[in-house]
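Report on the following structure.
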Amino acid sequence: MSERRKQFPFPEFEPKWQQVWLERQTFHAPNPREPGFEPAKPKFYVLDMFPYPSGDGLHVGHLEGYTATDIIARYKRMKGFNVLHPMGWDAFGLPAEQFAIKTGLHPSVATARNIGRFKNQLKKVGFSYDWARELTTTDPGYYKWTQWIFLKLYNSWFDPKIKAARPIEELIATRQLEFPDQSEDELRDIVDEHRLAYVTEAPVNWCPELGTVLANEEVVEGKSEVGGFPVVRRPMRQWVLRITAYADRLLDELEFLDWPESIKLLQRNWIGRSVGAQAMFRADGLDEVINVFTTRPDTLFGATYVVLAPEHPLVNRVTTPAQRAAVQEYREKVSTKSDLERTDLAKEKTGVFTGGFAINPVNQERIPIWIADYVLISYGTGAIMAVPGHDERDFEFAQKFGLEIRYVVEPPAPVESCFVGDGTAKNSGFLDGLPTAEAKDKVIAWLEEQGSGKRSITYKLRDWLFSRQRYWGEPFPIIWRNGRHEALGESDLPIVPPPLDDYRPTGTIEPPLAKAKGWITLSDGATRELNTMPQWAGSCWYFLRFTSPDNANRFVDEAAERYWMSGDGARQSWRGGVDLYVGGTEHAVLHLLYARFWHKVLSDLGYVSTIEPFHRLVNQGMILGHDNQKMSKSRGNVVSPDDIIEEYGADALRLYEMFLGPLESTKPWSMSGVEGVYRFLARVWRLAMDDDQEGQWQLSSSLSNVELSAKQQKVVHSTIKKVSEDLESLSYNTAIAQMMIFVNEFTGAQIRPVEALRTLLILLSPFAPHLAEEIWWRLGTSFAGFQGMACEQPWPEWSDKYLAEEEVQIVIQINGKLRDKVNVRKDLGKDEIEQVALASMKVREATRGKSVRKIIAVPNKLVNVVVD
RNA sequence: GCCGACGUGGCGGAAUUGGCAGACGCGCUGGACUCAAAAUCCAGUUCACGCAAGUGAGUGUGGGUUCGAUCCCCUCCGUCGGCACCA
């Protein structure tokens with residue numbers, strides 16, 4: 001098969017042009033003030049979600065998004081933009097480390113090797129990346145600044161008054177002014193409680209197999225996302241980032257982004273803002289108050305018991321001696337349960353009575369206090385008032401344990417049991433008769449008046465667990481002295497991990513860095529933080545670093561950041577950012593939320609010029625194997641780009657990636673489809689080239705500098721129009737279809753106008769750059785008008801005058817059914833086409849002996865004759 | 001369970017301020033070229049009936065609005081994705 005003669009000599013010219021582009025630095029984008037920078041042009045920043053260089057290499061699915069952005073990048077250059085189109089490597093992280101442990105190859109070695117392979121593969125596809133801007137997150141020159149940003153987080157706090165981060169010094173100064181007598185230690189405690197990066201001892205997701213703690217987002221159905229190992233909950237001291245402070249802004253500032261609505265919705269749901277109230281229930285006989293959060297304060301009169309999360313701090317206080325043993329046993333059982341077990345057992349509610357009672361603030365009623373694991377310590381206040389009449393979970397629990405069920409909302413239509421919708425308050429004292437919304441407002445006002453509650457908002461979003469007990473990640477720029485953490489200075493950066501031969505997890509909660517005895521202790525007795533940052537860290541700001549990847553003095557060059565992120569124009573805070581960001585839906589929540597969070601902090605502190613990092617986001621769909629299954633090694637349906645390039649060339653690969661279907665939909669790969677676009681490219685080639693008797697390719701003798709016929713002009717101009725418009729909307733598949741129509745038209749021509757071919761090559765150049773370049777160059781040897789490279793030509797304009805029709809076909813319908821077609825002069829009026837329609841034989845036959853009830857005439861479109 | 005997206009020929013997919021359903025490609029059928037094949041070129045290809053002209057049906061299901069619905073509204077079914085005791 002591979003011995004078969006190629007239909008056009010891509011194995012020769014594809015590497016040739018890749019070499020030429022590289023040598024001439026065709027796609028290098030200079031920064032402002034650098035040689036070659038053209039200030040008159042507008043900027044366009046088009047970015048791929050950079051890959052994690054795994055050991056398996058790329059498959060055709062990865063290349064879909066990369067091809068889409070490359071075509072846009074090439075198109076925008078031809079449209080006269082300064083285009084920033086970079087690529088780099090997200091190289092820290094668990095898979096590389098797991099691989100290293102398995103093979104004994106050091107992660108840095110494996111990573112370097114994988115990057116080499118990925119880069120080679122990408123180069124063979126002919127992508128127009130500015131390789132001078134390549135970056136790697138594991139490079140000390142890069143992670144120095146990741147650590148620097150961490151210091152900014154550590155040394156900042158969120159001021160709720162201005163809803164923005166401020167330097168921690170401002171908080172310290174304020175506190176010193178307000179509380180001059182406060183001790184050094186007290187001040188430290190207050191300040192540490194406000195930092196955007198803080199330490200907390202809390203139940204975390206501990207994965208014994210991986211030897212690390214994981215973020216909630218990295219745990220899927222009670223198992224680790226990487227490897228699928230069991231995860232248990234246990235309390236540990238951890239670094240956490242205060243992303244919840246930004247919950248409202250992360251929510252509100254989504255509005256201005258040009259993102260798919262579905263992705264915005266995913267983020268909104270993830271943040272999970274709930275508006276309601278906190279109500280205070282006194283613990284009967286104790287000097288304690290149980291704070292509960294509810295979104296239905298209007299049902300307070302229906303509360304028949306209170307439930308605390310098993311981990312709630314007041315559990316011990318409210319438990320009576322008689323119940324102590326049972327409570328203790330239950331808490332122990334719950335604490336050792338893994339998340340998986342907890343989820344599995346979700347169907348069956350469990351809980352224990354504490355023996356204690358609480359006083360309902362609205363009616364002073366004494367109701368029992370239970371503990372149950374259906375109440376989560378990490379959400380709201382970790383305690384609820386149970387209203388089994390109007391909450392399904394409480395209803396289920398009350399039924400199981402024989403607790404009272406009381407109905408306090410009258411449903412609009414009768415319901416058998418538990419009713420969770422809105423209705424009218426009843427059995428609720430001063431709320432009786434009020435609709436749900438009003439009852440909520442009234443009871444909140446009442447609670448606030450009484451000092452026993454307040455309006456309150458809660459989020460599902462949790463603070464971001466930021467430390468990992470692993471080796472292959474950024475070390476924290478933090479040391480510990482006398483049980484307190486301290487930030488290292490900026491001049492100490494980067495903190496380079498010690499070279500460890502044995503970087504395996506220790507088997508205990510101690511991170512692997514603990515093994516570097518000489519490294520952990522500093523000369524003055526302080527010890528280093530041993531945790532490392534999670535994989536997300538490096539990808540939170542790489543798009544910024546691309547603007548000036550080699551800057552050694554600052555995390556980004558100020559002018560470069562401003563130029564590429566916000567352009568030269570006025571600073572519209574909501575319009576800036578990467579102009580087009582393309583990647584998979586798997587990052588819809590985590591990466592995109594984390595990056596937005598860091599960006600907002602940097603923005604608040606004045607380090608970046610926009611409030612959002614990515615203005616327009618597009619998710620490419622997944623490419624499935626020929627069997628309609630997700631591509632995976634185990635299924636054996638993975639298609640490697642290397643094989644396609646070998647057989648059909650990079651241009652065919654690029655074109656098929658785009659011809660497959662709409663960028664955003666999931667679609668299966670098919671080899672005969674590749675064959676189809678390959679044939680199309682061969683037809684383009686033969687439009688310009690003939691082979692002689694020895695099989696040598698030479699310029700076709702049919703080529704000539706002749707005028708185009710009207711029909712040819714129309715095809716040329718409608719192709720310019722269609723391709724231009726489709727590129728703007730990323731509808732690559734239909735743009736390619738139109739170029740096929742173009743080629744079909746000219747293949748039949750006896751004499752082929754060079755001018756038409758010239759236009760086609762320019763339009764085709766972003767899609768199939770090698771072929772376009774090669775034919776362009778060959779035509780240039782015999783014809784005028786082919787100076788420079790195809791990829792550097794200005795994008796052609798279409799002229800409507802060639803598209804205008806003198807005649808249009810009008811459809812004639814009878815009772816909505818197609819019965820005839822006639823050609824008429826364009827823009828005939830309603831009455832005129834009506835007459836034409838009525839004159840038609842078909843209409844006369846159909847209306848014979850019947851009465852015409854109505855005629856609908858749409859100029860240039862159709863006439864519909866309605867008869868009885 | 002809740003939220004969201006999507007259902008169009010044998011296949012991937014086009015077409016929507018409501019106006020010729022099936023562009024383009026794959027596959028298939030026939031023809032030209034060839035000793036022959038491959039490649040290429042030309043023609044045809046939604047389904048049913050028919051030699052044909054044509055007739056009827058047709059965009060997951062059932063209904064509605066309309067002169068007219070792939071497109072708008074309601075119902076149900078299916079596929080995919082997200083969330084999942086979040087009070």
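None of these values were measured; they are calculated from a predicted model. Every chain is numbered from 1 and lettered A, B, ... according to where its sequence line falls, protein lines coming before strand lines.
Taking the P atoms as reference points, rU59(B) lies 11 Å from rA69(B), given to the whole Å. Between rG22(B) and rG44(B), the distance separating the two P atoms is 14 Å to the nearest Å. rC2(B) and rU55(B) are spaced 50 Å apart, taking the C1' atom of each and rounding to whole Å. Going from the P atom of rA43(B) to that of rU70(B) covers 31 Å, rounded to whole Å. If you take atom C1' in rA87(B) and the same atom in rG81(B), they sit 27 Å apart, rounded to whole Å. When the P atom is compared between rU17(B) and rC71(B), the two are found 13 Å apart, to the nearest whole Å. rA52(B) and rC67(B): their C1' atoms are spaced 33 Å apart (whole Å). To the nearest whole angstrom, the two P atoms, one in rA48(B) and one in rG58(B), are 15 Å apart.
Among residues two or more places apart in sequence or in another chain, the ring-ring contact (aromatic ring centres under 6.0 Å, His included) test is passed with Y656(A) by W669(A). Shown here are the side-chain hydrogen bond (donor to acceptor under 3.5 Å, both in side chains) partners of N864(A), two or more places apart in sequence or in another chain: there are none. Applying the side-chain hydrogen bond (donor to acceptor under 3.5 Å, both in side chains) criterion to S670(A), with sequence neighbours excluded, gives S672(A).
With a glycosidic angle no further than 90° from 0, rG9(B) counts as syn.
Across all strands, K861(A) comes closer than 4.0 Å only to sugar-phosphate atoms, never to a base (heavy-atom distances). Nucleic acid contact class of K817(A) (heavy atoms, under 4.0 Å, all strands): sugar-phosphate only. Within 4.0 Å (heavy atoms only), L862(A) reaches at least one base atom of the nucleic acid. Using a 4.0 Å heavy-atom distance criterion, Q809(A) is classed as a base contact. Within 4.0 Å of L660(A), counting heavy atoms only, lie sugar-phosphate atoms of the nucleic acid but no base atom. Using a 4.0 Å heavy-atom criterion, one finds that V811(A) contacts the bases of the nucleic acid, with or without backbone contacts as well. Across all strands, S378(A) comes closer than 4.0 Å to no nucleic acid atom at all (heavy-atom distances). Heavy atoms of S665(A) sit nowhere under 4.0 angstrom from any nucleic acid atom. Contact annotation for R819(A): backbone-only contact, meaning every heavy-atom pair under 4.0 Å involves sugar-phosphate atoms and none involves a base.
Of all heavy-atom pairs spanning L214(A) and S224(A), the tightest one is CD1-CB, 3.6 Å.
Checking rG19(B), rA14(B), rA39(B) against every side-chain atom of P662(A), the shortest atom distance belongs to rA14(B). Set against rA87(B), rC85(B), rU40(B), the side chain of K349(A) has rC85(B) as its closest nucleotide.
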Apply salt bridge (charged side-chain N to carboxylate O under 4.0 Å, His left out) to residues D691(A) and R686(A) and explain how you reach the verdict. CA-CA 9 Å; D691(A) 52 350; R686(A) 287 196 304 269; over 6 Å; no

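The distance between atom NZ of K630(A) and atom P of rG81(B), rounded to the nearest whole Å, is 7 Å. The distance between atom CG of D691(A) and atom C1' of rA39(B), rounded to the nearest whole Å, is 10 Å. One can place CD1 of I623(A) at 11 Å from P of rG13(B), the figure rounded to the nearest angstrom. At whole-Å resolution of the value, CD1 in I371(A) and P in rC85(B) are 19 Å apart. In this structure, I263(A) atom CD1 and rC83(B) atom P are separated by 12 Å, rounded to whole Å. Rounded to an integer number of Å, the gap from L593(A) CG to rC83(B) P is 13 Å. In this structure, Y656(A) atom OH and rG13(B) atom P are separated by 9 Å, rounded to whole Å. Between K460(A) atom NZ and rA87(B) atom P the separation is 7 Å, expressed in whole Å.
Taking the centre and axis of the six-membered ring of F397(A), the NZ or CZ atom of K349(A) falls outside the cone set by 45° and 6.0 Å.
Residue pairs satisfying the side-chain hydrogen bond (donor to acceptor under 3.5 Å, both in side chains) criterion with at least one member in residues 258-271 of chain A, sequence neighbours excluded, are listed as follows: Q267(A)-R596(A).
Aromatic ring orientation, H587(A) versus H591(A): perpendicular (interplanar angle above 60°, classes split at 30° and 60°). The aromatic rings of H390(A) and F419(A) stand perpendicular to each other, their planes meeting at an angle above 60°, with 30° marking the opposite boundary.
Between R268(A) and the phosphate of rG4(B), there is no side-chain N or O to OP1/OP2 separation shorter than 4.0 Å. A close approach under 4.0 Å does occur between a side-chain nitrogen or oxygen of K854(A) and OP1 or OP2 of rC67(B).
Take the nearest nucleotide of RNA chain B for L266(A) and for T747(A): the residue whose nucleotide is more 5' is T747(A).
A donor and an acceptor atom, one from each side chain of E675(A) and Y648(A), are located under 3.5 Å apart. Side-chain contact annotation: Y379(A) with T458(A), donor-acceptor N/O pair under 3.5 Å absent. Using modelled atom types, one finds a donor on one side chain and an acceptor on the other under 3.5 Å when comparing T734(A) with D726(A).
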Show the distances under 3.5 angstrom between N or O atoms of the protein and N or O atoms of nucleotides 21-28 of chain B.
residue: rG25(B); atom: OP1; partner: N744(A); partner atom: ND2; Å: 3.2
residue: rC26(B); atom: OP1; partner: R679(A); partner atom: NE; Å: 3.1
residue: rC26(B); atom: OP1; partner: R679(A); partner atom: NH2; Å: 2.8
residue: rC26(B); atom: O2'; partner: S672(A); partner atom: OG; Å: 2.9
residue: rG27(B); atom: OP2; partner: R679(A); partner atom: NH2; Å: 2.9

Dot-bracket line, read 5' to 3' along RNA chain B, where crossing pairs take [ ] and | marks a partner on another strand, Watson-Crick or G-U under 3.5 Å: (((((((..(((......[....)))((((((.......))))))((((....))))..(.(((..]....))).))))))))....

